[in-house]
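Contents: one structure, followed by commentary.
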Amino acid sequence: MEAVTIEHANVRRDGKLILTDVSFHAEKGEKIAIIGPNGAGKSTLIDVIDRRVYPLAKDEYRSSILGEERWMVSDLRKRIGHVSPGTDEFYRTSYTAREIVASGLYASLGFDFHHSIAEEDWERADEELRKVSMYTHKDRTMNTLSTGEMRRVLLARAAITDPDILLLDEASSGLDFPSRADLRDTISSYITKGRTLIMVTHELSEILPEISRIILMKDGMIAMDGEKKDVLTEKNLSSLYSREVHLAEADGIYTAFC
């Protein structure tokens, strides 16, 4: 079953093309990592998938999510979980971690007077917080959490609706390497049950062993798309970054250095 189809997407900002005729397809249950240099268009592609950014209205452009082209945004937010460092400040509020996670059920930022929260909603939030080892911090306000703690809360929020698609855009940005490893293990626990994972990262060590497909992006275009063993090579990465790159692998985890 199709999870995502994007055809001929062109995105322009300030007169500059950020994406140039990009087409992307993902089947249900696929695990995909997108890598590339800064400015390659990786995050923009993720935002196009999540319909936070809309490409130029050209006749050839098409977007389909879970087999449907038209979505109410509030409904789509419940089918796609999205974690990005670009939203950190948006969520750094005086709402508690528990409130932020539970409000993911309503595609809202915290709760307002018109929300009626059932006890089962709080129980679901508590369950997700336990999965990311943040239950003991459930009553802490978001603006008192560390970056790593906040990312765990936002991952719990993204997962509370049991989304079909999980989008992770540099989800471990700003974390030290033990915290990145912990978050990688947590993410692994979320990619069962046929859920589609699309991950953008600068750190090859974030690419889970379960990920089998790698996309290389450069200059707003897809430079290569294929099986991990075929795409993650020193030759391909050196070409992608325009400098000599060395690659190492241990137990399915890759690292790269120049």
Side-chain angles (χ1 to χ4, degrees), residues 2-27 30-65 69 71 73 76-77 80-90 151 158 165-174 187 196-208 211-228 230-233 235-243 245 247 254 256 258:
E2 170 200 273
V4 177
T5 292
I6 303 293
E7 294 182 356
H8 305 293
N10 292 272
V11 175
R12 187 185 299 275
R13 289 190 190 132
D14 298 325
K16 178 183 178 182
L17 275 174
I18 307 301
L19 291 184
T20 303
D21 197 30
V22 168
S23 294
F24 169 86
H25 304 271
E27 294 296 314
E30 271 201 285
K31 320 300 183 207
I32 302 167
I34 304 173
I35 64 175
N38 292 331
K42 307 181 298 297
S43 296
T44 301
L45 176 57
I46 290 292
D47 286 340
V48 167
I49 293 170
D50 201 23
R51 298 195 177 177
R52 296 173 188 269
V53 167
Y54 289 88
L56 298 175
K58 294 191 173 185
D59 290 341
E60 62 269 29
Y61 171 66
R62 175 174 171 257
S63 170
S64 175
I65 307 298
E69 294 192 7
W71 282 92
V73 172
L76 187 63
R77 294 290 174 264
I80 298 179
H82 188 166
V83 179
S84 166
T87 63
D88 282 0
E89 290 307 313
F90 182 69
R151 296 280 169 75
I165 302 168
L166 189 58
L167 304 177
L168 303 180
D169 185 1
E170 299 185 46
S172 66
S173 174
I187 292 168
T196 302
L197 172 70
I198 304 171
M199 167 187 282
V200 164
T201 182
H202 281 294
E203 293 284 345
L204 295 195
S205 62
E206 294 178 12
I207 298 176
L208 310 176
I211 289 175
S212 59
R213 178 180 165 195
I214 304 293
I215 292 174
L216 307 184
M217 290 192 69
K218 187 174 184 178
D219 299 328
M221 295 178 284
I222 292 177
M224 186 171 290
D225 181 350
E227 291 291 318
K228 179 163 61 177
D230 298 324
V231 175
L232 283 187
T233 68
K235 179 181 178 181
N236 291 337
L237 294 178
S238 296
S239 175
L240 182 71
Y241 291 99
S242 301
R243 64 184 303 172
V245 175
L247 193 64
Y254 288 78
C258 296

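On a predicted model such as this, the values are computed, not experimentally measured, just so you know.
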### Task
Step by step, work out the side-chain contact (heavy atoms from CB on, under 4.5 Å) result for Leu208 and Leu197.
CA-CA 10 Å; Leu208 310 176; Leu197 172 70; 4.0 Å; yes
Got a second to check how far [X]'s [atom1] is from [Y]'s [atom2], nearest 0.5 Å?
X      : Y      : atom1 : atom2 : result
Met224 : Met217 : CE    : CE    : 14.0 Å
Leu167 : Ser84  : CG    : OG    : 10.0 Å
Glu170 : Lys42  : CD    : NZ    : 6.0 Å
Ile49  : Ile198 : CD1   : CD1   : 4.0 Å
Asp47  : Ile18  : CG    : CD1   : 12.0 Å
Ile34  : Phe24  : CD1   : CZ    : 5.0 Å

Which residues satisfy the side chain to side chain contact (heavy atoms under 4.5 Å, CB included) test with [X], sequence neighbours excluded?
X      : result
Ser212 : Glu227
Lys228 : Ile207, Ile214, Leu232, Tyr254
Thr233 : Lys235, Asn236
Arg51  : Tyr54, Ser63, Ile65, Trp71, Leu76

### Task
Could you list the residues that satisfy salt bridge (Lys or Arg N to Asp or Glu O under 4.0 Å) with Asp50, not counting sequence neighbours?
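Here the qualifying residues are Arg52, Arg77.
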#### Entry: Test salt bridge (Lys or Arg N to Asp or Glu O under 4.0 Å) applied to Glu7 - qualifying residues, sequence neighbours left out
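Scan of Glu7 (salt bridge (Lys or Arg N to Asp or Glu O under 4.0 Å), adjacent residues dropped) gives Arg62.
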### Verdict with supporting geometry, Leu204 and Ile35, side-chain contact (heavy atoms from CB on, under 4.5 Å)
CA-CA 8 Å; Leu204 295 195; Ile35 64 175; 3.8 Å; yes
For a quick test of reading the model, state the closest non-hydrogen atom pair linking [X] to [Y] and the distance between them.
X      : Y      : answer
Ile165 : Ala3   : CD1-O, 3.7 Å
Ala33  : Ile211 : N-CG2, 3.7 Å
Gly36  : Leu240 : CA-CD2, 3.8 Å
Leu247 : Ala256 : CD1-CB, 4.2 Å
Ser23  : Ile222 : O-CD1, 3.4 Å

### Task
Take Glu30 and Arg213 through the side-chain contact (heavy atoms from CB on, under 4.5 Å) test and state the conclusion after the steps.
CA-CA 8 Å; Glu30 271 201 285; Arg213 178 180 165 195; 3.0 Å; yes
### Message
Against Asp169, only a single residue in Val200, Leu45, Thr201 fulfils side-chain contact (heavy atoms from CB on, under 4.5 Å); can you say which?
### Response
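Exactly one option meets the side-chain contact (heavy atoms from CB on, under 4.5 Å) with Asp169, and it is Val200.
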### Query
Is the backbone N or O of Asp21 less than 3.5 Å from a side-chain atom of Asn10, with the two atoms forming a donor-acceptor pair by type?
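Yes: the side chain of Asn10 pairs with the backbone of Asp21.
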### Query
So His8 and Asp59, side-chain hydrogen bond (donor to acceptor under 3.5 Å, both in side chains) or not? Walk me through it.
CA-CA 9 Å; His8 305 293; Asp59 290 341; over 6 Å; no
### Task
Consider only side-chain N and O atoms of Lys218 and Ser242, and report whether a donor and an acceptor are under 3.5 Å apart.
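Side-chain D/A pair, Lys218 to Ser242: present.
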### Task
List the steps, then state whether side-chain hydrogen bond (donor to acceptor under 3.5 Å, both in side chains) holds for Ser64 with Glu2.
CA-CA 9 Å; Ser64 175; Glu2 170 200 273; 2.7 Å; yes
### Query
Going through the checks in order, is the side-chain contact (heavy atoms from CB on, under 4.5 Å) test met by Glu206 and Leu168?
CA-CA 11 Å; Glu206 294 178 12; Leu168 303 180; over 6 Å; no
